[in-house]
Structure formats: C-alpha cells, structure tokens
2 protein chains.
Amino acid sequence: MIVNKLKNLREKMLKQSVRSEDWTQEGLAKRLGVTRQTIISMEKGTYNPSLVLAFKIAHEFGMAIEDIFEYRDEKN
Amino acid sequence: MIVNKLKNLREKMLKQSVRSEDWTQEGLAKRLGVTRQTIISMEKGTYNPSLVLAFKIAHEFGMAIEDIFEYRDEKN
DNA sequence: ACTTAACGTAAAGTAAACTTTACATTTAAA
DNA sequence: TTTAAATGTAAAGTTTACTTTACGTTAAGT
C-alpha cells in the first residue's frame, strides 16, 4: 500500500506561490504530462502512479520520491 | 525514460550470498510477489515497474529507489 | 447574487504493467 | 558428457494506470 502527501504538498505550494496557477490541479497535470483526472485520483489515493510519474512528481516538488510516497506493508 | 541497475545488483548478490538461491530470478520474484517474467522484462528494460514494485525492490536490496532507478528526460 | 476558476465524481475506453504458458538456450556441477 | 537449474524468448490474457468526456459542486472575486 502506498500513501502519499500530494494533496498537502500541492496546496502548500498553491498558497506560497506567486504564480499560483502553476499549482492548480490542471497546471500541475499539464507540467507532468497527465490529465487532471490522474492528479485527482492520486490525491484521493484511488490508484498509485507509475514509477516514471513518481519521478516526474518528485522533480516538480524538488524532493525525493521517498519524501512524497511511503510504502506500507499490507500486513500492518 | 527509466534506467535501472537491477541485473548488475542481482548478479552481485548472487555471487556474494551464502544462500544464493535467494537471488536467482525466481527467488527474487517470489519474494517480490511477481513472476520471473516480470524480473526478466525489468532487467531487459522492456518495461518499467510500478511504484509499489520499485519500493519492494528497493527494500529487498536495502537501497533507495533513486539508487537503483534513474529517470532520464526523453529529450537527452 | 452572479460569474467563473478550481475542484470533485462517475463511467467507458486505451495503454502499459504484469501473468500465464510453453519451449529453447546457457551454465555448472556430478 | 549428461543432467538439472538457471536464464532467455515469445505470445496471448488479465489487471490497473491513465485518458476522455461530461456534468455537478465549491470557493472567491465583483
């Protein structure tokens, strides 16, 4: 199971950013090369991104994958 | 585009390991919960793992995802 | 209050990750 | 040198990430 901090991180950037339109769901989606639906589903946790997308996201936020996504063993 | 060091890492473990059967394609596949085909395709670079699988792999090798997988912009 | 940008939902379709099966080749040990 | 384990290949099927479309809700400015 994968847990992510996408929603929190994006909303934080929205508030902090001068060019806030860059951090709307649509703005981020465009820069990542995916649709807004994909952002929504990831923020909801409906599905997990591919590794490629995870790398792109990490790059956009200037963080490591492990700082944004956390893997939790199913058992726990 | 994603480049990985899977084949090298696994073969290194094969040589070093006392219980070398743990690091055959089949042994690793079983621990990761995937098939041997999946390992083969990843080592060949035929396709990229999901983020979940990348996390499991990183855990098996005791490394960070970024140490095993490298993202390269298509342009370069 | 009205407008509009941003966010949310749902459902059907496409693409790619991953499985399954089956068989062929390499490698190493007896 | 034969045997078996390990690796490689290929093709068709399933699952899931991701798209597309279309419409409903919320929030914030005027």
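Within every chain, numbering begins at 1; the chains are lettered A, B, ... in the order of the sequence lines, protein sequences first and strands thereafter.
Taking 4.5 Å as the limit, some side-chain heavy atom of B/Val34 sits within range of a side-chain heavy atom of B/Leu53. Within the 4.5 Å cutoff, the side chain of A/Asp67 has no heavy atoms near those of the A/Phe61 side chain. Taking the side chain as every heavy atom from C-beta outward, B/Leu51 and A/Tyr71 never approach each other to under 4.5 Å. The shortest side-chain heavy-atom distance between B/Thr24 and B/Leu28 does not fall under the 4.5 Å cut-off.
Residue contacts for A/Gly27: at a heavy-atom cut-off of 4.0 Å it reaches no nucleic acid atom on any strand shown. Nucleic acid contact class of B/Thr35 (heavy atoms, under 4.0 Å, all strands): base.
Residues passing the salt bridge (Lys or Arg N to Asp or Glu O under 4.0 Å) test with A/Arg36, sequence neighbours excluded: none. Judged as a salt bridge (Lys or Arg N to Asp or Glu O under 4.0 Å), and not counting sequence neighbours, B/Glu11 has no contacts. For B/Glu66, the side-chain contact (heavy atoms from CB on, under 4.5 Å) partners are A/Phe55, A/Ala64, A/Ile65, A/Glu66, B/Ala64, not counting sequence neighbours.
Between chain A and DNA chain C, the heavy-atom contact criterion of under 4.0 Å yields a 5' to 3' nucleotide range of C/dA6 to C/dA10.
Here side-chain hydrogen bond (donor to acceptor under 3.5 Å, both in side chains) pairs that include residues 48-58 of chain A, with residues two or more places apart or in two chains, number zero.
Within residues 53-64 of chain A, the residues that place at least one heavy atom under 4.0 Å from DNA chain D are, in residue-number order, A/Leu53.
How far CD1 of B/Ile39 is from CG of B/Leu32: 5.0 Å, rounded to the nearest 0.5 Å.
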*What string of B, S and - do you get for nucleotides 4-10 of chain D 5' to 3' if you count protein non-hydrogen atoms under 4.0 Å?*
--SBBBB
Residues 1-10 of chain A side chain polar contacts: donor-acceptor under 3.5 Å, at least two apart:
{"residue": "A/Asn4", "atom": "OD1", "partner": "A/Leu6", "partner atom": "N", "Å": "2.9"}
{"residue": "A/Asn4", "atom": "ND2", "partner": "A/Met42", "partner atom": "O", "Å": "3.2"}
{"residue": "A/Arg10", "atom": "NE", "partner": "A/Glu43", "partner atom": "OE2", "Å": "2.5"}
{"residue": "A/Arg10", "atom": "NH1", "partner": "A/Trp23", "partner atom": "O", "Å": "3.0"}
{"residue": "A/Arg10", "atom": "NH2", "partner": "A/Glu43", "partner atom": "OE1", "Å": "3.4"}
{"residue": "A/Arg10", "atom": "NH2", "partner": "A/Glu43", "partner atom": "OE2", "Å": "3.4"}

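Axis deviation across the helix from C/dA1-D/dT30 to C/dA30-D/dT1 amounts to 40°, comparing end segments of five pairs, rounded to 10 degrees.
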